[in-house]
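None of these values were measured; they are calculated from a predicted model.
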Amino acid sequence: MTKSYAVTIGFFDGVHRGHRFLLHLLEEQAAANGLSPMAVTFDQHPRQVVQGGEAPSLLTTQTEKTSLLAQVFSGEIVVLPFTQEMGAMDAKEFMRSVLREKLKARLLLMGYNHRFGHRGGTPEEYIAWGNEVGIEVYRAEALSGKLISSSRIRNLISAGKIEEANAMLGYQYFIVGTVTNGKHIGRRIGFPTANIMLPKQKLLPACGVYAVWVTLPDGTKQGGMLCIGHRPTVETNGDVSVEVNIFDHNSNLYGKQISIEFIEKLRDERHFISLDALKQQLMLDAASTRAIINKVG
């Protein structure tokens, strides 16, 4: 017998606490109506297609997003290619041809502030369109407390407000990148760093120094301090670099992937008059970072 589904739709960037609340409600709605739960998302941000590439930097890559969804959601996850044709569909046509006919949806749970389809619609319109195509439409209540959205979290991370962003995410914001060869300046002053190359669309926090956790290729986790910035003490007009000093670790990581979780911002990036002055500050940063890591466990 063909399954019928209770679905929800969203880009789900970051899979934050608001998303998780919605997915939990969907699981409950599906069970109460004898349906299977399904989360429908897209392979790229709709703005990237609709507005000609003007998409925001993202909290999660596609791989990271689907992995996080699978960790918190028991139902099926469908990733649709977001095309120009899909972007031009009105909501009723999307509900009929994609949700009802292709995905066998019988129930749609919408986020409290979510709109979809070309020009969108009001909550009452979505319900009416659903009735016309054979889908029962519900709108979820907002998660109690502070408003949580991917755009708000992006703004916090871009401002270096990591602890506030982490509270909304429900986990520590992370980046995953490949270790590349650097200029070895950190090694010369006693703070060797791994230079990280990241996926193009991944959102970087504001320039500065951060206390972080580093998950190594073998799965072990070490504390560390990470600097995002232009290296003003040793370069002029340098590109933004991402460098992490991993505590109590000295193996070769070149060409390997590591994951970095942000705990707290220590300070802004700044210029020092000499490498010795930079070294003195890094010693203070390391002591502060170790205290933070010991506190959070």
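- Taking the side chain as every heavy atom from C-beta outward, P56 and H45 approach each other to under 4.5 Å.
- Here Y138 pairs with nothing under the ring-ring contact (aromatic ring centres under 6.0 Å, His included) rule; sequence neighbours left out.
- Annotation for V7 and A105: closest pair CG1-CB, 3.8 Å, computed over non-hydrogen atoms.
- Evaluation of the salt bridge (charged side-chain N to carboxylate O under 4.0 Å, His left out) test over residues 55-70, restricted to residues two or more places apart or in two chains, returns E64-K202.
- Inter-residue side-chain proximity for L278 and L282 is flagged as met; some heavy-atom pair is nearer than 4.5 Å.
- Sorted by first then second residue, the side chain to side chain donor-acceptor pair (under 3.5 Å) pairs that include residues 92-106, not counting sequence neighbours, are K92-E132, E93-R96, E93-S97, R96-E101.
- Inter-residue side-chain proximity for L107 and I135 is flagged as unmet; no heavy-atom pair is nearer than 4.5 Å.
- Judged purely by atom type and a 3.5 angstrom limit, T8 has no side-chain atom pairing as donor or acceptor with the backbone of M110.
- In this view, P217 and L253, K256, I258 satisfy the side-chain contact (heavy atoms from CB on, under 4.5 Å) rule, not counting sequence neighbours.
- With sequence neighbours excluded, no residue forms a salt bridge (charged side-chain N to carboxylate O under 4.0 Å, His left out) with E125.
- With a 4.5 Å cut-off on side-chain heavy atoms, L80 and D43 do not count as touching.
- Residues that satisfy the side-chain contact (heavy atoms from CB on, under 4.5 Å) test with A70, not counting sequence neighbours, are I77.
- Residues I148 and M168 approach most closely at CG2-O, 3.9 Å, considering heavy atoms.
- A 4.5 Å side-chain heavy-atom check between L103 and V40 finds at least one atom pair inside the cut-off.
- No more than 12 heavy atoms of other residues, nucleotides or ligands sit less than 6.0 Å from atom NE2 of H24.
- Criterion: ILVMFWY side-chain heavy atoms under 4.5 Å apart, direct or through other members. Under it, V209 and L284 are not part of a common hydrophobic cluster.
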*May I have the step-by-step check of side chain to side chain donor-acceptor pair (under 3.5 Å) for T180 and N195, ending in yes or no?*
CA-CA 5 Å; T180 61; N195 290 263; 5.6 Å; no
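- At a threshold of 4.5 Å between non-hydrogen side-chain atoms, the residues K279 and F272 do not count as touching.
- Considering only residues two or more places apart in sequence or on other chains, Y126 meets the ring-ring contact (aromatic ring centres under 6.0 Å, His included) condition with F116, W129.
- For residues 212-228, the set of pairs meeting the side chain to side chain donor-acceptor pair (under 3.5 Å) definition, not counting sequence neighbours, comprises D218-T220, K221-E261.
- The main-chain N or O of D13 is found under 3.5 Å from a side-chain atom of S150 such that the two form a donor-acceptor pair.
- Within the 4.5 Å cutoff, the side chain of L198 has heavy atoms near those of the I175 side chain.
- In this structure, a donor-acceptor pair under 3.5 Å is absent between the side chains of Y112 and E141.
- One distance of note links CG of L169 with OH of Y171; it measures 4.5 Å at 0.5 Å rounding.
- The stretch residues 15-31 participates, sequence neighbours left out, in no salt bridge (charged side-chain N to carboxylate O under 4.0 Å, His left out) pair at all.
- When side chains are defined from C-beta on, I263 does not count as touching I162, because their heavy atoms never get closer than 4.5 Å.
- In this view, Q281 and R270, D285 satisfy the side-chain hydrogen bond (donor to acceptor under 3.5 Å, both in side chains) rule, not counting sequence neighbours.
- Note on residues 59-85: pairs passing ring-ring contact (aromatic ring centres under 6.0 Å, His included), not counting sequence neighbours, are F42-F82.
- Taking the centre and axis of the six-membered ring of F247, the NZ or CZ atom of R290 falls inside the cone set by 45° and 6.0 Å.
- In this structure, the side chain of N166 engages the main chain of Y173 through a donor-acceptor pair within 3.5 Å.
- Here the side chain of R139 pairs a donor or acceptor atom with the backbone of G111 at under 3.5 angstrom.
- When the side chains of ILVMFWY residues are joined at heavy-atom separations under 4.5 Å, either directly or via intervening members, L216 and M197 end up in two distinct hydrophobic clusters.
- For S149, the side-chain contact (heavy atoms from CB on, under 4.5 Å) partners two or more places apart in sequence, or in a different chain, are S151, R152.
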